[in-house]
Undergrad: 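Sharing a structure here in C-alpha cells format.
Throughout, residue positions are numbered sequentially from 1 according to the sequence presented. Because the structure is a prediction, the values reported are computed rather than measured.
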Amino acid sequence: MTKQNNLKKSFFGDIVQSVSSYVKGNWPVLIVFAVVFIASSAVVYVDASTTQTIASFSIDEYEPGQIADKTIIASKSLAADEQFPIAIEEGEKIIRKGFPIAEEDYLRLRKMAASPSYIDYRAFADNILFLMLLSALAFLLYTPVCLGKKVSFREVLLSGILFTLVFFVTAFADKASFFQGLYKLPVIIPSALCVALISILFGQISGLYFSLLISFGVLCACGFELVPFLFTLASSLTLVRIIRNIENRIDMIFSSIGAALLNVVYMTVLKVIFNDFFNDALFVFSGVAFNGFISGILALGLLTPLEIMMNTASVFRLMDLSDQNSPVLRKLLLTASGTYQHSLMVSQLAETACKEIGANSLLARVAALYHDIGKMEHPEYFTENNIDSQNRHTDLNPSLSVSIIKSHLRLSVEKAHQMHLPSDIIRIVSEHHGNSVMTFFYQKAKESNPAVNEDDFRYDGNCPTSKESAVVMLADVVEAACKSLEKPTPQTLEKFIQQLINGKIEAHQLDECALTYGEMTKIRDSFVSILAAYYHGRIKYQNQKEPESDADTSDSARSEGNKNE
C-alpha cells in the first residue's frame, strides 16, 4: 500500500513539475491567452447587458395580445421612472403561460428588458463556456506539434489583439441599424484584413489556424448565427490560399481584387442556400466586395510598420533582403569574394531543395546569403578566399585554427543582430554548423596528441530546429565538399552527397529538424541536379590551346621583345 502511495505521489509530482516548468518557460504566451479570454468575456458581458432579453428570450418575441408560452416572474424589484412609469415587485408574475399578454404586462416586460439588472446570465454562461473551449483549441493549435515550430510571443500577441478586435466589432456592429441583419453584418467584420496580416507575417499555417479561430470567434459574437460564421470561414481560408504565392507588393492588389470577387460569390451562395431575399443585394454585395478589396490594401499599408516592430520574416521583407546589391553583400563580395560565391551557390541549393520538400524556400535562400557574413572580418583564414595565396592554417596550431574558424559563427550572428535581420534568419545563421566537429583540425591535433578532447573541436551552435535550417546546413557542407571532387559525374555526386547527409545523420545533427527520409532523398536529388549542371564538362574547340604557365609566358614575352629590338 505504501509503495502504491509513493508511486501516486511520484506520478502527481512529475505532473506538477512538468506543468511548473512549462509555465516558467511560456508565461508570456499564457498571459496573452488569459488577457484575450478576459477581454472577450468582458465584450460578451457588455453585449449581454445591452441586449433586451428576459429569461433567455428576446423582447421582440412578445407583443400585446399574444398567448404567453411560459410564465415569467420578476426576480428583482424595479421602481417606476419617466420612461416606464410602472413599478415591479420582486416575485410578481409578469405573464402567465397560456394567458394573453395585456398592455400593462407588455410594458412591464419592456421595463425588465431595458434594465441592466435582468442580464441573460444563461446566454452569458454559454458564451463563456464556448470561449473556454475556443481557448483550448487555440492552445492546441499553437503547440509545436500542430504549428511545426515553437510559437513566438509576438505572433501570439498580434493574433490576440486582432482576435479581440474582430470579436468586439462583430459583437457590437449589429446594434447599429446600418449593419443589422445576418447578411449585412459580414460587411463590417475585418476578418480578411487580420487574416492577411497573420498569413504574410507568420506564414500560411499560422494564417490557416487563425482563420479557424477567428471564424469561431465570430460565431460566438453574433449569437451563434451560421451565415456570418460560414462567410468569415470561407473568405478567410480563401485569402490565405490567394496570398500564398505572392512575391511582390503589387501582387497584393491582384489578391485583393480576387478576394473581393470571391466574397460576392460566397454571399450569393449563402443567400441561395438559406432562401434569403435579394432586396438588400446592392448594399450587401458591394459591401463584402469592398471589404475584401480594402482589406488587402490596408494590409499592404500596415505591413511595413508591423515588420519593423515585430522584425518578422515576411515575404516582402525577405524579397528586400535577397537583393544582392545590398551594402552588406556588396562588402562581402569585395572583401571575401570566395565566401560570396559560396553563399550564392548555397542559397541556390537551399532554395531548390526547400521547394522540393514544401519548406519556406525564400527564407532558406535569404538565410544562406547571409550565413557567412562574419567571414568578412578575417577572410584570409578561409580556404575559399585563398585561391592565389598559401593556406594560413598550415603553420598554425590546430586549436588556434579552430578558435578562428569558430569565431566566424559568432561574428555572423552579431552582424545579423546589428542589421536587425529577422529572428528566423538569425536562428538559421546560428544553426548552420550545428555542434558538429571540425574533423580536419581534430585529426591534425590527434596526430600530435591522441588524448585530445573532441568537444574542443566542436562548433558552439545548436542543431537545426527547422527544415529550412537543416537544408541550409546540408547545402553548406555539400557545396564546400564537392569542390574537392575532380571531374564529378552525376553518379559520383549522388554517392558523395549521400555520404555527407549520412554523416550529419550519424552525428545527430538532424535530430530536431523534423526532416523525413523521403524529404532527405528529395534534397539529395535536388543537390545532384544543380551540381551536376554546374560541374558539367564542355567540348574542346578546334585549335584550342591550353594556357601557358607564367614561366612560359615570360619567356615568350622576352623573345618577342628581343625580336622587336
Undergrad: Near Lys406 NZ, under 6.0 Å, is it more than 12 heavy atoms from other residues, nucleotides or ligands?
TA: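 For Lys406, atom NZ is crowded (more than 12 foreign heavy atoms under 6.0 Å).
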Undergrad: So, Arg365 and Glu351, do they make that salt bridge, N to O below 4.0 Å?
TA: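 Salt bridge present between Arg365 and Glu351.
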Undergrad: Name the one of Arg410, Gln418, His417 that satisfies side-chain hydrogen bond (donor to acceptor under 3.5 Å, both in side chains) with Glu414?
TA: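 That would be Arg410; it is the only one of Arg410, Gln418, His417 passing the side-chain hydrogen bond (donor to acceptor under 3.5 Å, both in side chains) with Glu414.
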Undergrad: Enter the distance from Ile214:CD1 to Ser191:OG here, rounded to the nearest 0.5 Å.
TA: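 One gets 5.5 Å once the value is rounded to the nearest 0.5 Å.
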Undergrad: Do the non-hydrogen side-chain atoms of Thr521 and Arg524 ever get within less than 4.5 Å of each other?
TA: yes
Undergrad: Can you label the angle between the Phe172 ring and the Phe168 ring as parallel, tilted or perpendicular, going by 30° and 60°?
TA: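 Rings of Phe172 and Phe168: tilted, 30 to 60°.
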Undergrad: Would Asp372 and Lys375 pass as an ion pair if we require N to O under 4.0 Å?
TA: yes
Undergrad: Parallel, tilted or perpendicular: which one describes the rings of His432 and His408, with boundaries at 30° and 60°?
TA: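 Perpendicular, since the angle between the ring planes exceeds 60°.
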Undergrad: What heavy-atom pair brings Leu193 and Ala299 nearest, and what distance separates the two atoms?
TA: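 Residues Leu193 and Ala299, closest heavy atoms: CD1-N, 3.5 Å.
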Undergrad: Under a plain distance cut-off of 3.5 Å, with no hydrogens placed, do Asn502 and Glu506 share a side-chain donor-acceptor pair?
TA: no
Undergrad: So, Ser206 versus Tyr142: side-chain donor-acceptor pair below 3.5 Å or not?
TA: no
Undergrad: Will you find, in the side chains of Glu431 and Thr465, an N or O donor that is under 3.5 Å from an N or O acceptor?
TA: yes
Undergrad: Any ion pair linking Asp320 and Arg249 (charged N to carboxylate O, less than 4.0 Å)?
TA: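 A salt bridge is present here (some side-chain N lies under 4.0 Å from a carboxylate O).
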Undergrad: Please examine the side chains of Phe130 and Phe224, heavy atoms only from C-beta on, and report whether any two atoms are closer than 4.5 Å.
TA: yes
Undergrad: side-chain hydrogen bond (donor to acceptor under 3.5 Å, both in side chains) for Glu307 and Ser314? Distances and angles first, verdict last.
TA: CA-CA 7 Å; Glu307 286 174 340; Ser314 69; 2.2 Å; yes
Undergrad: Evaluate side-chain contact (heavy atoms from CB on, under 4.5 Å) for Tyr534 paired with Glu479, printing each intermediate quantity in order.
TA: CA-CA 11 Å; Tyr534 181 76; Glu479 198 281 334; 5.7 Å; no
Undergrad: Going by atom types alone, do Asn311 and Arg154 pair a side-chain donor with an acceptor below 3.5 Å?
TA: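 On atom types as modelled, these side chains do not qualify, holding no pair under 3.5 Å.
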Undergrad: With side-chain contact (heavy atoms from CB on, under 4.5 Å) as the criterion, how do Val472 and Glu468 come out once you've worked through the C-alpha distance, each side chain's angles and the decisive distance to 0.1 Å?
TA: CA-CA 6 Å; Val472 171; Glu468 294 82 7; 5.6 Å; no
Undergrad: So do the side chains of Leu349 and Ser526 get within less than 4.5 Å of each other, counting heavy atoms only?
TA: no
Undergrad: Hey, is the main chain of Val187 close enough, under 3.5 Å, to the side chain of Asn291 for a donor-acceptor pair?
TA: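 Side chain of Asn291 to backbone of Val187: a pair is present.
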Undergrad: Is Ser159 reaching over with its side chain to a backbone N or O of Val156, donor-acceptor style, under 3.5 angstrom?
TA: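 It does not hold such a pair.
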Undergrad: Would you please test Leu133 and Phe216 for side-chain contact (heavy atoms from CB on, under 4.5 Å) and show each step?
TA: CA-CA 10 Å; Leu133 294 175; Phe216 283 112; over 6 Å; no
Undergrad: Short question: side chain of Ser326, backbone of Ser322 - any donor-acceptor pair under 3.5 Å?
TA: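 Pair absent, no side-chain N/O of Ser326 close to backbone of Ser322.
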Undergrad: Does Leu147 reach the side chain of Thr143, with side-chain heavy atoms less than 4.5 Å apart?
TA: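 A side-chain contact is absent here, since even the closest heavy-atom pair is not under 4.5 Å.
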Undergrad: Ser466 and Arg427: side-chain hydrogen bond (donor to acceptor under 3.5 Å, both in side chains), yes or no, with the steps?
TA: CA-CA 9 Å; Ser466 67; Arg427 176 176 48 80; 2.9 Å; yes
Undergrad: Identify the two heavy atoms, one from Ile243 and one from Ser199, that lie closest to each other, and give their separation to 0.1 Å.
TA: CD1-CB, 3.4 Å
Undergrad: Does a side-chain heavy-atom distance below 4.5 Å link Phe202 with Val151?
TA: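 They are not in side-chain contact.
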Undergrad: Could you label the plane-to-plane angle of the His433 and Tyr459 rings as parallel, tilted or perpendicular, counting under 30° as parallel and over 60° as perpendicular?
TA: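 Parallel.
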Undergrad: Can you tell me if Lys331 has over 12 outside heavy atoms packed within less than 6.0 Å of its NZ?
TA: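 Incorrect, the count does not exceed 12.
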Undergrad: Stepwise, does the salt bridge (charged side-chain N to carboxylate O under 4.0 Å, His left out) test hold for Arg458 with Asp455?
TA: CA-CA 5 Å; Arg458 290 185 181 274; Asp455 291 337; 3.0 Å; yes
Undergrad: Taking the side chain as C-beta and beyond, is there a heavy-atom pair between Gln509 and Asn435 under 4.5 Å?
TA: yes
Undergrad: Can you find a heavy atom in the side chain of Ile497 that is under 4.5 Å from one in the side chain of Cys482?
TA: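 Ile497 vs Cys482: side chains touch.
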Undergrad: For a side-chain contact (heavy atoms from CB on, under 4.5 Å) with Tyr340, tell me which candidate from Leu369, Ile373, Leu333 qualifies.
TA: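 Testing each of Leu369, Ile373, Leu333 against Tyr340, the sole residue satisfying side-chain contact (heavy atoms from CB on, under 4.5 Å) is Leu333.
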Undergrad: Is the closest side-chain heavy-atom distance between Leu510 and Cys463 below 4.5 Å?
TA: no
Undergrad: Could you walk me through whether Leu306 and Thr312 pass the side-chain contact (heavy atoms from CB on, under 4.5 Å) check?
TA: CA-CA 8 Å; Leu306 286 175; Thr312 57; over 6 Å; no
Undergrad: Apply the test side-chain hydrogen bond (donor to acceptor under 3.5 Å, both in side chains) to residues Tyr370 and Ser343: give CA-CA distance (whole Å), side-chain angles for both, the deciding distance (0.1 Å), then the verdict.
TA: CA-CA 7 Å; Tyr370 293 90; Ser343 298; over 6 Å; no
